[in-house]
Amino acid sequence: MPAEPKPAKAEARTSPPPSPSSPLPSSLSSSAPLTERQEARRRRILHASAQLASRGGFDAVQMREVAESSQVALGTLYRYFPSKVHLLVATMQDQLEHMHGTLRKKPPQGETSAQRVAETLMRAFRALQREPHLADAMVRALTFADRSVSPEVDQVSRQTTVIILDAMGLEHPTPEQLSAVRVIEHTWHSALITWLSGRASIAQVKIDIETVCRLIDLTETGGRE
């Protein structure tokens with residue numbers, strides 16, 4: 001997982017964290033663009049979250065420690081992420097984005113779309129396997145997420161979809177292809193859960209991923225550029 005340099009100085013502490021029901025300021029909402037300074041602060045927060053989760057899993061990610069590690073005020077942290085679940089789901093989206101960049105530098109080599117997608121998802125899986133505590137924390141957050149976390153969960157889903165479509169070589173997928181992608185995505189997330197809980201081996205995960213990716217062969221009637 002990529003690391004970021006430690007910021008040069010800390011920010012001053014501000015007011016206590018708002019209640020979870022308090023709306024975020026529009027400048028920090030998921031739909032509004034962040035300023036360069038806000039984006040840098042957000043990246044420090046996500047980096048701290050990933051580091052803490054890598055060391056101790058879900059329980060190790062405490063909001064006060066995240067604030068101290070990222071050198072932001074606790075109140076500021078809650079303005080970006082109203083809860084630990086929001087933060088860890090956003091961390092997963094960030095990790096997937098980094099994986100996507102790595103995958104683009106070295107694309108899968110399979111002859112068929114199904115083979116390329118299976119290779120891509122197994123490479124992503126192995127990246128998470130190298131950080132089991134982090135993987136467990138992010139997957140647990142996805143499992144605990146309620147409707148208030150829908151924007152962050154949607155971003156994880158969209159990022160996963162983009163990774164799969166890139167491996168397929170598609171820019172304009174058909175509805176049938178998108179349906180297959182959703183099933184593949186659900187299977188991949190389920191495989192993560194069963195592996196993390198010790199109910200599936202890596203070999204079994206590979207078989208499941210390769211099996212579900214064969215759905216792509218049934219939909220390859222259009223959409224390729």
Taking the side chain from [X] and the backbone from [Y], do they hold a donor-acceptor pair closer than 3.5 Å?
X    : Y    : result
T91  : L87  : yes
Q115 : T112 : yes
Q71  : E68  : no
Q177 : T219 : yes
T194 : A191 : yes
S190 : H186 : no
Q109 : P107 : yes
T161 : S157 : yes

(request) Could you tell me whether the side chains of R37 and T35 share a donor-acceptor contact shorter than 3.5 Å? (result) no
(request) Check whether the side chains of R116 and S113 place a donor and an acceptor atom closer than 3.5 Å, and report yes or no. (result) yes
Please examine the side chains of [Y] and [X], heavy atoms only from C-beta on, and report whether any two atoms are closer than 4.5 Å.
X    : Y    : value
T76  : R41  : yes
M122 : I209 : yes
Q93  : L46  : no
H47  : D94  : no
W195 : Q204 : no
V85  : R140 : no
L88  : S49  : yes
E171 : L165 : no

(request) Return the minimal non-hydrogen interatomic distance between F81 and R42, and the atom names on each side. (result) CZ-NE, 3.9 Å
(message) Is the terminal nitrogen or CZ of K84 (NZ for Lys, CZ for Arg) located under 6.0 angstrom from the six-membered ring centre of F58 and within 45° of that ring's axis?
(response) yes
(request) Determine, stepwise, if the pair K206 / S201 fulfils side chain to side chain contact (heavy atoms under 4.5 Å, CB included). (result) CA-CA 9 Å; K206 186 173 186 292; S201 65; over 6 Å; no
(request) Would you give the length of the straight line joining atom CD1 of I164 to atom NE2 of H100, rounded to the nearest 0.5 angstrom? (result) 10.5 Å
(request) Would you mind checking if E210 and R214 are paired as a salt bridge, meaning a charged N to carboxylate O distance below 4.0 Å? (result) no
(message) Pair L77, S70 - check side chain to side chain contact (heavy atoms under 4.5 Å, CB included), show working.
(response) CA-CA 9 Å; L77 172 59; S70 58; 5.6 Å; no
(request) Given side chain to side chain contact (heavy atoms under 4.5 Å, CB included), test I193 with R199 step by step and report yes or no. (result) CA-CA 9 Å; I193 293 171; R199 293 183 288 117; 4.2 Å; yes
